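Structure first, commentary second.
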Protein chains: 2
Amino acid sequence: MAVPQPLVLLIEDEPQMRRFLRAALDDGQYHLIEAPTAREGLAQAASRNPDIILMDLGLPDGDGLDLTRRIREWSNRPIIVLSARGMEVDKVAALDAGADDYLTKPFGVGELLARMRVALRHATLAASGKEEPEFLEGDLRVDLARRQVFVRSQEVHLTPLEYRLLQTLVHHAGKVVTHRHLLKEVWGINSIAQTHYLRVYMTQLRHKLEVDPTHPRLLLTEPGVGYRLKVSS
Amino acid sequence: MAVPQPLVLLIEDEPQMRRFLRAALDDGQYHLIEAPTAREGLAQAASRNPDIILMDLGLPDGDGLDLTRRIREWSNRPIIVLSARGMEVDKVAALDAGADDYLTKPFGVGELLARMRVALRHATLAASGKEEPEFLEGDLRVDLARRQVFVRSQEVHLTPLEYRLLQTLVHHAGKVVTHRHLLKEVWGINSIAQTHYLRVYMTQLRHKLEVDPTHPRLLLTEPGVGYRLKVSS
DNA sequence: GAAGATCCTTACGAAATCCTGATGCCAGCC
DNA sequence: GGCTGGCATCAGGATTTCGTAAGGATCTTC
């Protein structure tokens with residue numbers, strides 16, 4: 001049932017820590033790959049699709065919280081944060097950003113291994129959703145890891161809000177997403193009544209993604225309820 | 001999507017700790033039930049089926065590890081261990097026994113709440129992998145998750161009210177649903193006397209769903225009482 | 001500080017949906 | 001037969017919701 005030799009991605013800049021973890025993990029039980037920066041970590045996470053991610057919070061080229069959120073946009077593989085910061089606010093922020101566990105340095109190898117076993121246990125339990133970091137439908141392709149959108153292999157530029165709107169629709173592809181839910185996800189809880197935002201931005205999205213914006217084939221409206229991204233089924 | 005008010009089972013003998021957690025949790029966000037012994041904890045876990053379990057390791061009538069294993073025999077609801085023992089061997093033992101997280105006393109309320117959110121997130125994620133709830137009867141298929149209706153594999157478009165009406169009938173499929181109940185669910189408590197609405201919309205539904213709208217085979221009238229959605233039994 | 005991109009706001013025609021009243025049907029009863 | 005009450009049906013107007021374009025406000029970037 002369990003993965004034979006789980007692939008572990010370690011995102012950590014300190015060489016000393018990397019050496020330490022390499023000794024602890026790379027003994028045949030796990031296969032370890034390493035990334036010293038946030039940028040490279042994101043790229044590896046997308047290309048290798050590791051079974052579990054160990055991440056330092058203090059990376060040279062970016063915040064670990066952002067990286068966690070970025071990865072969570074398309075993957076729900078377990079993320080265990082390893083940090084020197086032991087403050088409660090740091091832990092809460094990381095866990096709420098999407099991390100599954102938080103270990104304060106210094107920690108024991110035994111505990112780390114035990115918590116990795118827990119994370120992998122969860123993963124195999126929820127193994128049903130083997131999600132692709134990509135959405136494909138008709139002429140549209142959305143690369144969730146790279147935040148890139150293509151129509152007939154041509155990249156299309158979306159503004160931040162347009163992308164967030166499309167992203168939440170992709171997240172629930174095929175299902176109807178209510179006005180409330182879209183507004184909450186994209187504009188925040190305070191704008192939950194501004195349904196006209198949706199109309200405006202849906203029009204813009206359709207102009208960028210649909211062949212014939214007046215007769216949408218992908219971004220469908222469900223009158224009185226919300227919108228839906230079509231999936232061929 | 002998330003459970004509205006998760007049921008939390010706290011298995012803990014110290015009254016002081018119970019009071020502390022009661023103050024932290026029982027504020028409307030969670031519904032808290034308590035058990036002071038392992039025996040009672042196991043009974044409550046079985047009878048109430050809580051969404052999450054918080055467990056002290058040092059219970060008067062038994063080891064928390066055993067209790068964890070006992071619960072894991074039939075349930076995989078998240079278990080968070082709260083313990084005064086901070087040794088690594090204790091953590092590893094508890095996590096390998098089936099616990100999902102381990103917090104060493106004293107801990108901050110914020111961290112506990114964050115870790116509970118993580119655990120509940122896992123639970124809803126695992127539950128989402130289940131098959132979609134569907135209603136099937138004759139030529140009719142109602143996909144409740146996607147809010148789509150098919151007749152002979154052809155999608156049929158329903159207006160919000162039509163769908164809500166069908167939805168409440170599906171919800172009580174096979175049973176008679178009274179006029180009052182339907183009106184309350186679909187049009188709201190204020191329109192409880194407008195039985196006329198029902199006739200109009202039932203007609204429209206039949207035209208969209210029935211092969212022969214004048215001789216309904218699915219949407220049956222129970223004269224003087226209400227309507228019933230037929231199920232083959 | 002200027003240029004450009006992005007976001008918010010507004011207004012109005014179009015479309016979908018909802019409500020309403022009129023009418024017909026049928027069974028049971030006087 | 002005629003009456004009554006509950007139900008089914010139809011169609012059009014009222015109401016709500018949606019799509020669209022355009023202009024001003026705000027933020028970014030150089």
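On a predicted model such as this, the values are computed, not experimentally measured, just so you know. Every chain is numbered from 1, with letters handed out A, B, ... down the list of sequences.
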Could you state the atom-to-atom distance from [atom1] of [X] to [atom2] of [N] in whole Å?
X: A:Q204; N: D:dC18; atom1: CD; atom2: C1'; result: 15 Å
X: A:L198; N: C:dT9; atom1: CG; atom2: C1'; result: 15 Å
X: A:Y197; N: C:dC7; atom1: OH; atom2: P; result: 12 Å
X: A:E222; N: D:dC18; atom1: CD; atom2: P; result: 11 Å
X: B:L183; N: C:dC19; atom1: CG; atom2: P; result: 11 Å
X: B:L205; N: D:dC7; atom1: CG; atom2: P; result: 17 Å
X: A:K208; N: D:dT20; atom1: NZ; atom2: C1'; result: 16 Å
X: B:L220; N: D:dC7; atom1: CG; atom2: C1'; result: 14 Å

Could you tell me whether the phosphate oxygens of [N], OP1 or OP2, come under 4.0 Å of any side-chain nitrogen or oxygen in [X]?
X: B:R199; N: D:dT9; answer: no
X: B:Y201; N: D:dA8; answer: no
X: B:Y227; N: D:dA8; answer: yes
X: B:T203; N: D:dA8; answer: no
X: B:H207; N: D:dA8; answer: no

Base, sugar-phosphate or nothing for [X]? Non-hydrogen atoms, less than 4.0 Å.
X: A:H215; answer: nothing
X: A:T221; answer: sugar-phosphate
X: A:T195; answer: nothing

Exercise. Would you call the rings of A:W187 and A:Y197 parallel, tilted or perpendicular, where under 30° means parallel and over 60° means perpendicular?
Worked result: tilted
Exercise. Which residues, if any, of residues 155-165 of chain B bring a heavy atom under 4.0 Å of DNA chain D?
Worked result: none
Problem set entry | CA sep, side-chain torsions, deciding dist, call: B:T221, B:R206, side-chain hydrogen bond (donor to acceptor under 3.5 Å, both in side chains) | CA-CA 11 Å; B:T221 302; B:R206 281 170 175 157; 2.8 Å; yes
Exercise. Counting only N and O atoms by type, is there a donor-acceptor contact under 3.5 Å from the side chain of A:Q167 to the main-chain atoms of A:L144?
Worked result: no
Exercise. Are there more than 12 heavy atoms of other residues, nucleotides or ligands under 6.0 Å from atom CZ of B:R22?
Worked result: yes
Seminar exercise, completed: Per atom distances to the A:H196 side chain, the nearest of C:dT9, D:dG19, D:dT9 is C:dT9
Problem set entry | Closest listed nucleotide, where the reference is the side chain of A:W187 and the choices are C:dC8, D:dT20, D:dA8 | C:dC8
Under 4.0 Å between a Lys/Arg side-chain N and an Asp/Glu carboxylate O for [X] and [Y]?
X: A:D100; Y: A:R72; value: yes
X: A:E73; Y: A:R69; value: no
X: A:R18; Y: A:D13; value: no

Exercise. Do the side chains of B:R48 and B:L9 get nearer than 4.5 Å, heavy atoms only?
Worked result: no
